[in-house]
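Written below as structure tokens is the structure these notes are about.
Letters go in sequence order (proteins before strands), and every chain restarts at 1.
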Number of protein chains: 2
Amino acid sequence: MAPDDALNATFAALADPTRRAILARLAQGEASVKQLAEPFAISAPAITKHLKVLERAGLITRGREAQWRPCRLHAGPLRQVADWVEEYRRFWEQRLDRLEDYLRELQAQEQRHDPQS
Amino acid sequence: MAPDDALNATFAALADPTRRAILARLAQGEASVKQLAEPFAISAPAITKHLKVLERAGLITRGREAQWRPCRLHAGPLRQVADWVEEYRRFWEQRLDRLEDYLRELQAQEQRHDPQS
DNA sequence: CTTTTAATTTACCAATTGGTTAATTAAGAG
DNA sequence: CTCTTAATTAACCAATTGGTAAATTAAAAG
């Protein structure tokens, strides 16, 4: 998978609260599909679909144990997410965005009060 | 916006390479819609739609300057993304997931070779 | 006032998404 | 062999998504 496609799939997989809850559950240890479905008011096939999305994004792997299909967290793709978002850290930490807003606002007001400059 | 909804909107906004490219461009300074559209082979309305998605996620803010509508990066929501993903850092850094895979594999093989245990 | 430029809105389309119910597969248990 | 449990597949549906072309708004420029 091209790195760009991987990020697409990962972000898309994370954009659903049910799937994020599934990952949170798996962070505490492996679980069967039924165990994963238990906290949610949706059908088993819906869970299966969510798991497929997570699997295609490489965020979980699945085993086989009798009639159960245990899911395990595979956090690897989250590293790329962390790397990607890290590029923007300075923008929220140093509040560069707010600073720019402020400077722009100042400038706009000055032009309003002093249009000939 | 509830924090959960905010994460949904942010992750969904980031799940598109065009929108990520727009954010990368805005990290270098504000830009008009036309400037943002220039690198892409898609129509202006398509860009407008992408900008609306980014705006609803709170990732950009927009000004008005004559007939231009300059966009600015607003990285605030990315902090929640960083916080969320940070919870999973130990899983990819300490390779806990791989370790579990390995142990499970070992166990499975043992059961295959030694079924009566 | 007319024209040009920037951008948005509207209306439409095909593909994807998140959900459902019903049917099917797979494996263990009586 | 039959029944039960776990899970998936298939078929379907409504809503959303990412795109288009055409029309519209907004403001500057001739």
Side-chain angles (χ1 to χ4, degrees), chain A residues 1 4-23 25-26 30-57 59-72 108 111-112 115-116, chain B residues 1 4-23 25-26 30-57 59-72 108 111-112 115-116:
Chain A
M1 187 149 44
D4 210 55
D5 293 350
L7 261 191
N8 293 349
T10 306
F11 277 127
L14 299 179
D16 184 287
T18 301
R19 288 194 291 264
R20 289 199 305 277
I22 287 174
L23 293 181
R25 167 65 186 77
L26 291 178
E30 85 168 26
S32 70
V33 175
K34 210 182 179 212
Q35 289 172 323
L36 290 174
E38 192 260 324
F40 306 106
I42 63 179
S43 65
I47 297 290
T48 293
K49 285 190 179 183
H50 282 304
L51 294 178
K52 269 196 181 144
V53 173
L54 291 169
E55 197 175 18
R56 270 197 43 230
L59 287 164
I60 64 171
T61 59
R62 326 200 48 185
R64 184 135 224 183
E65 209 157 326
Q67 69 256 225
W68 295 275
R69 309 286 292 273
C71 300
R72 296 189 291 282
Q111 290 211 343
R112 252 175 257 127
Q116 75 275 17
Chain B
M1 188 148 44
D4 209 55
D5 293 350
L7 261 191
N8 292 349
T10 306
F11 277 127
L14 298 179
D16 183 287
T18 301
R19 288 194 291 263
R20 289 199 305 277
I22 288 174
L23 293 181
R25 167 65 185 78
L26 291 178
E30 85 168 26
S32 71
V33 175
K34 214 188 176 204
Q35 288 173 322
L36 290 174
E38 191 261 323
F40 305 106
I42 61 179
S43 64
I47 297 291
T48 293
K49 283 191 180 183
H50 282 305
L51 294 178
K52 269 196 183 143
V53 172
L54 291 169
E55 196 175 19
R56 268 198 46 231
L59 287 164
I60 64 171
T61 58
R62 324 199 51 185
R64 185 137 223 182
E65 208 156 326
Q67 69 254 228
W68 295 276
R69 308 286 291 272
C71 298
R72 294 189 292 281
Q111 290 210 343
R112 253 174 255 129
Q116 76 276 19

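Listed nucleotides: C/dA7, C/dT20, C/dG19. Nearest to the side chain of B/V33: C/dA7. The B/W68 side chain lies nearest to C/dA6 when the options are D/dT20, C/dA6, C/dT9. If you check C/dT9, C/dA26, C/dG19 against the side chain of A/K49, the one that comes closest is C/dG19. Taking every side-chain heavy atom of A/P45 into account, D/dT9 is the closest of C/dA26, D/dT9, C/dT9. Listed candidates were D/dG18, D/dA7, D/dA21. Nearest to the side chain of A/R62 is D/dA7. Between D/dA7, C/dG18, D/dA26, one nucleotide has an atom nearer to the side chain of A/R19 than all others, and that is C/dG18. Checking D/dA22, D/dA26, C/dT20 against every side-chain atom of A/A46, the shortest atom distance belongs to C/dT20. Checking D/dA22, C/dA7, D/dA7 against the side-chain heavy atoms of B/R69 singles out C/dA7 as nearest. When distances run from any side-chain atom of B/K34 to the nucleotides C/dA7, C/dT20, C/dT9, the shortest one goes to C/dA7.
Atoms CG and OG1, on A/D5 and A/T10 in that order, are 10.5 Å from each other to the nearest 0.5 Å. Atom-to-atom distance recorded for A/L36:CG and A/T18:OG1 is 11.5 Å, nearest 0.5 angstrom.
Not one side-chain nitrogen or oxygen of B/H50 sits closer than 4.0 Å to the OP1 or OP2 atom of D/dT17. In terms of phosphate contacts, B/S43 brings no side-chain nitrogen or oxygen within less than 4.0 Å of OP1 or OP2 of D/dG19. Between A/T48 and D/dT8 there is a side-chain polar atom (N or O) within less than 4.0 angstrom of OP1 or OP2.
For the pair A/F40 CZ and C/dT20 C1', the interatomic distance rounds to 18 Å; values are reported in whole Å. In this structure, B/D16 places its CG atom 14 Å from C1' of C/dA15, rounding to the nearest Å. We find that CZ of B/R64 is positioned 10 Å from P of C/dA7, with the value rounded to whole Å. Taking atom CG of B/L36 as the reference point, atom P of C/dT8 lies 10 Å away to the nearest angstrom. Atom C1' of nucleotide C/dT16 and atom NZ of A/K52 are separated by 15 Å, given to the nearest angstrom. B/I22 has its CD1 atom 12 Å from the P atom of C/dA7, to the nearest Å. The CD-P distance, from B/E38 to C/dT5, rounds to 17 Å in whole Å. Put simply, CD1 on A/I42 is 11 Å from C1' on C/dT20, counting in whole angstrom units.
Of all heavy-atom pairs between B/A13 and B/R19, the closest is O-NE, 2.8 Å. Across all their heavy atoms, A/F11 and B/A15 have their closest contact at CB-CA, 3.6 Å. Shortest non-hydrogen contact noted between A/Q35 and A/P39 is O-CD, 3.6 Å.
Looking at heavy-atom distances under 4.0 Å, B/A66 makes contact with sugar-phosphate atoms alone, never a base. Across all strands shown, A/S32 has heavy atoms under 4.0 Å from sugar-phosphate atoms exclusively, and none from any base.
By the 4.5 Å heavy-atom criterion applied to side chains, B/L23 and B/L14 are counted as neighbours.
If B/A31 and A/A12 are placed on DNA chain C by their nearest nucleotide, the residue sitting closer to the 5' end is B/A31.
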